[in-house]
Amino acid sequence: MSTPSPAAAAARLEPTLQQVSITFFTIDQNKDHDTHVRITAYDRNNRTIALADGTYGEFRERTYSPRIDLEVTREIPLSQLRGGRARVRIEITPNGNDTWAFNFRAPFLFTEGASAEVYQRERVAVSEDYRTWETPIT
């Protein structure tokens, strides 16, 4: 029977990702009811760790969206969330024309009560011409 390396043993002691969600605040351009949204979180090694995919209905101007829970696809240790290419990516596929302006908050919950949050405080706009926005996890 082999003994795990010290690095592997330490990684198991670190808090691991359990839940990710996102809530949008639509500013001054609504998201149409039929615009498809894909939310993907990546770790620092550019691996998908959580995602959500759907239309979620209309997001009206000056309102909060319902909380969207992402499916955690990789239970990474907290240290893998920071640095490198760690980021949250929002991508839309509108049915015709749609410009959506928003900001968001995305909490990442880990075992042991640990957490990290991503806030996109400034206005972001995506549209049929500019479909993708990425925010680094710092």
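- Between the side chain of Thr111 and the backbone N or O of Thr16 there is at least one donor-acceptor pair closer than 3.5 Å.
- For the side-chain hydrogen bond (donor to acceptor under 3.5 Å, both in side chains) with Tyr119, the lone residue among Glu117, Glu122, Arg121 that qualifies is Glu117.
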Quick one: do Glu134 and Arg89 satisfy salt bridge (Lys or Arg N to Asp or Glu O under 4.0 Å)? Show the steps, please.
CA-CA 4 Å; Glu134 292 187 352; Arg89 178 184 175 122; 3.0 Å; yes

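- The hydrophobic clustering, which links ILVMFWY residues whose side-chain heavy atoms are closer than 4.5 Å, places Tyr42 and Leu109 apart.
- Note that CD of Gln120 is 5.5 Å distant from CH2 of Trp133, once rounded to the nearest 0.5 Å.
- In this structure, Gln80 and Arg74 have side chains that are not in contact, with every pair of non-hydrogen atoms separated by 4.5 Å or more.
- Taking the six-membered ring where the residue is Trp, the centroids of Trp100 and Phe24 are separated by under 6.0 Å.
- Interatomic distance, Leu70 CG to Asp53 CG, rounded to the nearest 0.5 Å: 10.0 Å.
- The one candidate from Val118, Leu17, Ile49, Asp43 that meets the side chain to side chain contact (heavy atoms under 4.5 Å, CB included) condition with Leu81 is Ile49.
- Here the straight-line distance linking atom CD1 of Ile92 with atom OG of Ser127 works out to 6.0 Å at 0.5 Å rounding.
- Side-chain atoms of Gln19 and Asp69, non-hydrogen and from C-beta on, do get closer than 4.5 Å to each other.
- Other residues, nucleotides and ligands contribute over 12 non-hydrogen atoms within 6.0 Å of the NE2 atom of His36.
- The closest side-chain heavy-atom distance from Asp32 to Asn95 is not below 4.5 Å.
- No donor-acceptor distance shorter than 3.5 angstrom exists from the side chain of Ser21 to the backbone of Arg67, with no hydrogens or angles considered.
- Connection of Val72 to Leu78 is established within a shared hydrophobic cluster, with ILVMFWY side chains joined at heavy-atom distances below 4.5 Å, either directly or through further cluster members.
- Summarising the local packing, CZ of Arg60 is surrounded by 12 or fewer heavy atoms from other residues, nucleotides or ligands at distances under 6.0 Å.
- For the pair Ile39 and Phe104, the minimum side-chain heavy-atom distance is 4.5 Å or more.
- Looking at Ile68 and Val37, their side chains never come closer than 4.5 Å, going by heavy atoms from C-beta outward.
- For the pair Asn30/Phe59, no side-chain contact is recorded, criterion being any heavy-atom separation below 4.5 Å from C-beta on.
- Annotation for Pro77 and Phe110: closest pair C-CE2, 4.2 Å, computed over non-hydrogen atoms.
- Put simply, Val124 and Ile90 are part of the same group of oily side chains (I, L, V, M, F, W, Y) that touch within less than 4.5 Å, one to the next.
- Once rounded to the nearest 0.5 Å, the distance linking CZ of Arg123 with CD of Gln29 reads 6.5 Å.
- Leu51 and Phe108 sit in two unconnected hydrophobic clusters of ILVMFWY residues. Membership requires side-chain heavy atoms under 4.5 Å apart, directly or through other members.
- Glu128 places a side-chain N or O within donor-acceptor distance of the main-chain N or O of Asp98, the cut-off being under 3.5 Å.
- The closest side-chain heavy-atom distance from Arg131 to Val126 is not below 4.5 Å.
- Within the 4.5 Å cutoff, the side chain of Thr23 has no heavy atoms near those of the Phe25 side chain.
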